[in-house]
Amino acid sequence: MEYVPVGSLKKGTSGLIIEWIQRDLSIYSLAKQFDPDLLMGMGNPCVCHAAKLLGKYAIIFTDTEHAKLQNSLSVPFCDAVCTPSCYVGDLGKKQVRYNSYHELAYLHPNNFTPNPTVLTELNLKEGDPFIVIRFVSWQANHDVGQSGITLDNKRKAIHEFEKYGRVFITSEKPLPQEFEKYRISVAPEKMHDLLYYATLLYGESSTMASECAVLGTHAIFCDFAGRGYTDEEEKIYDLIYNFKLDELGQEESIKKAVELLQDPDLKKTGREKQEHLLSDKIDATAFMVWFIENYPDSVAKMEKNDISRSFK
């Protein structure tokens, strides 16, 4: 897919502000040349600012409740903000709730078929137990100033999980040398295939936890703040288990992971729970296409009728 870079990653709050200003200018310039009818993005303030200046529609999607800075810089300037129905919080009259998760835009069975060849790259076969561990950089705009699982608990988790299968680590930041032997070697675009066949995910990424849930793989998610979608995926579908990032929460998360790994029917149970989830939720891509192609009439139609069941 052809694309145009509109900025480079910068660290910290001040770096993020500079990055957003650069993106604002780049997106405005590109949109002025291209002259679109509508601009859209994932909670992207720059899209909203460019659209407002150019007199165009702006539609954004967001699912992160504690992204307060991002929301304050985008929602006032957009025309519609689409959130999953489980989103905790009221974003005002522009908010449109749809019965799905972001991850079901690209991992719904209508759009994704797992490829088992990823297993052969790691000398695995289907049914072999393995655990994926995910560490994040904590540099996202809604994570600045936060930190994750301690080094001691990372060691403990790896040591305990190895008793039940091979351990693979994917990390946004450099790994300590002692963990390098666990680093995943497959291409990033094959990660969703790997998650589908994994026994368990353990880590700090809400997105990857939700990806596992919609793929029928259980996940342990450690975070400093709640998320509407991971909370729902725990309370209703029992596919994610959420833990705080304090010391007690980290210890309990490892215990829960071990408890799950001791269940010989964990994968079978996960697939059954996935069926329940998919029967409830819609194909997010089908909804997005309909909503955007019919905008702004689509807003009025959603206000009058519950049409969410139409996008299976």
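Bear in mind the structure is a predicted one, so any value in this text is a computation, not a measurement.
A salt bridge links E19 with R23: the distance from a Lys NZ or Arg NE/NH1/NH2 to an Asp or Glu carboxylate oxygen falls below 4.0 Å. A salt bridge links R227 with D223: the distance from a Lys NZ or Arg NE/NH1/NH2 to an Asp or Glu carboxylate oxygen falls below 4.0 Å. A salt bridge is absent between D265 and K268; no separation between the charged side-chain nitrogens and carboxylate oxygens falls under 4.0 Å. Ion pairing between a basic and an acidic side chain is recognised when a charged N comes within 4.0 Å of a carboxylate O; R155 and D152 show such pairing. The pair E252-K244 does not meet the salt-bridge criterion, since no charged nitrogen lies less than 4.0 angstrom from a carboxylate oxygen.
The closest side-chain heavy-atom distance from C78 to K94 is below 4.5 Å. Between L69 and W20, the closest side-chain pair of non-hydrogen atoms falls below 4.5 Å. When side chains are defined from C-beta on, M302 counts as touching W290, because their heavy atoms get closer than 4.5 Å. Residues C48 and K52 are not in side-chain contact: their nearest non-hydrogen atoms beyond the backbone lie 4.5 Å or more apart. Side-chain contact check for F221 versus M208: every heavy-atom pair is 4.5 Å or farther apart. Side-chain contact between C212 and L239 is absent, with no heavy-atom pair separated by less than 4.5 Å. Counting only heavy atoms from C-beta outward, the side chains of L200 and F130 never approach each other to under 4.5 Å. With contacts defined as side-chain heavy-atom distances shorter than 4.5 Å, the pair L104/I282 does not qualify.
Within the 3.5 Å criterion, the main-chain N or O of S210 finds no donor-acceptor partner in the side chain of E103. Listed for the Q250 side chain is no donor-acceptor partner under 3.5 Å among the backbone atoms of I149. With hydrogens and angles disregarded, no donor-acceptor distance shorter than 3.5 Å links the side chain of S29 to the backbone of S26. A donor-acceptor pair under 3.5 Å links the side-chain atoms of N111 to the main chain of A105, judged by distance alone. No donor-acceptor pair closer than 3.5 Å links the side chain of D283 to the backbone N or O of N110. Judged by distance alone, the side chain of D246 and the main-chain N or O of G249 form a donor-acceptor pair under 3.5 Å. No donor-acceptor distance shorter than 3.5 angstrom exists from the side chain of S171 to the backbone of P174, with no hydrogens or angles considered.
Cation-pi check for K154 over F179 is not met; the charged atom does not lie both under 6.0 angstrom from the ring centroid and within 45 degrees of its normal. For the pair K256 and Y241, the cation-pi criterion (under 6.0 Å, within 45° of the ring axis) is fulfilled.
In the model, T62 has no side-chain atom that pairs as donor or acceptor with a side-chain atom of Y87 under 3.5 Å. Judged purely by distance below 3.5 Å, without hydrogens or angles, the side chains of D193 and N115 never pair a donor atom with an acceptor atom. Counted by atom type alone, K125 and T120 present zero donor-acceptor pairs between their side chains at under 3.5 Å. K281 and N99 are linked by a side-chain donor-acceptor pair at a separation below 3.5 angstrom, with hydrogens and angles left out of the test.
I184 and L124 fall within a single hydrophobic cluster, where Ile, Leu, Val, Met, Phe, Trp and Tyr are joined by side-chain heavy atoms under 4.5 Å apart, directly or via other members. Cluster membership check: Y98 shares its hydrophobic cluster with F291, using side-chain heavy-atom separations under 4.5 Å among Ile, Leu, Val, Met, Phe, Trp and Tyr.
In summary, the aromatic rings of F161 and Y202 are positioned with their centroids under 6.0 Å apart. In summary, the aromatic rings of Y229 and H102 are positioned with their centroids too far apart to meet the 6.0 Å limit. In this structure, the ring of Y237 has its center less than 6.0 angstrom from the ring center of H276.
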Query raised in the report: Yes or no on salt bridge (charged side-chain N to carboxylate O under 4.0 Å, His left out) for R134 and E172, after CA distance, side-chain angles and deciding distance?
Result: CA-CA 8 Å; R134 172 65 167 176; E172 289 181 335; 3.2 Å; yes
Query raised in the report: When you look at H218 and T199, which way does the side chain to side chain contact (heavy atoms under 4.5 Å, CB included) test go after all the steps?
Result: CA-CA 7 Å; H218 292 85; T199 307; over 6 Å; no
Query raised in the report: Can E121 and K190 be said to form a side chain to side chain contact (heavy atoms under 4.5 Å, CB included), step by step?
Result: CA-CA 11 Å; E121 295 184 33; K190 299 179 182 179; 2.3 Å; yes
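Note that CZ of F287 and CD1 of I292 are 8.5 Å apart. Values are rounded to the nearest 0.5 Å. The distance from atom NZ of K56 to atom CG of L39, rounded to the nearest 0.5 Å, is 9.0 Å. Note: T83 OG1 to E65 CD = 8.5 Å, rounded to the nearest 0.5 Å. Note that CG of L266 and CZ of R271 are 10.0 Å apart. Values are rounded to the nearest 0.5 Å. Atom OH of Y28 is separated from atom CG of L54 by 5.0 Å, given to the nearest 0.5 angstrom. Taking CG of D238 as the start and NZ of K273 as the end, the distance is 3.5 Å to the nearest 0.5 Å.
Under the side chain to side chain contact (heavy atoms under 4.5 Å, CB included) test applied with L201, the options L195, I220, L215 reduce to a single match, L195.
Applying the 6.0 Å contact sphere to NZ of K163 captures more than 12 heavy atoms from other residues, nucleotides or ligands. When the shell of 6.0 Å around CG of D37 is examined, it contains 12 or fewer heavy atoms from other residues, nucleotides or ligands.
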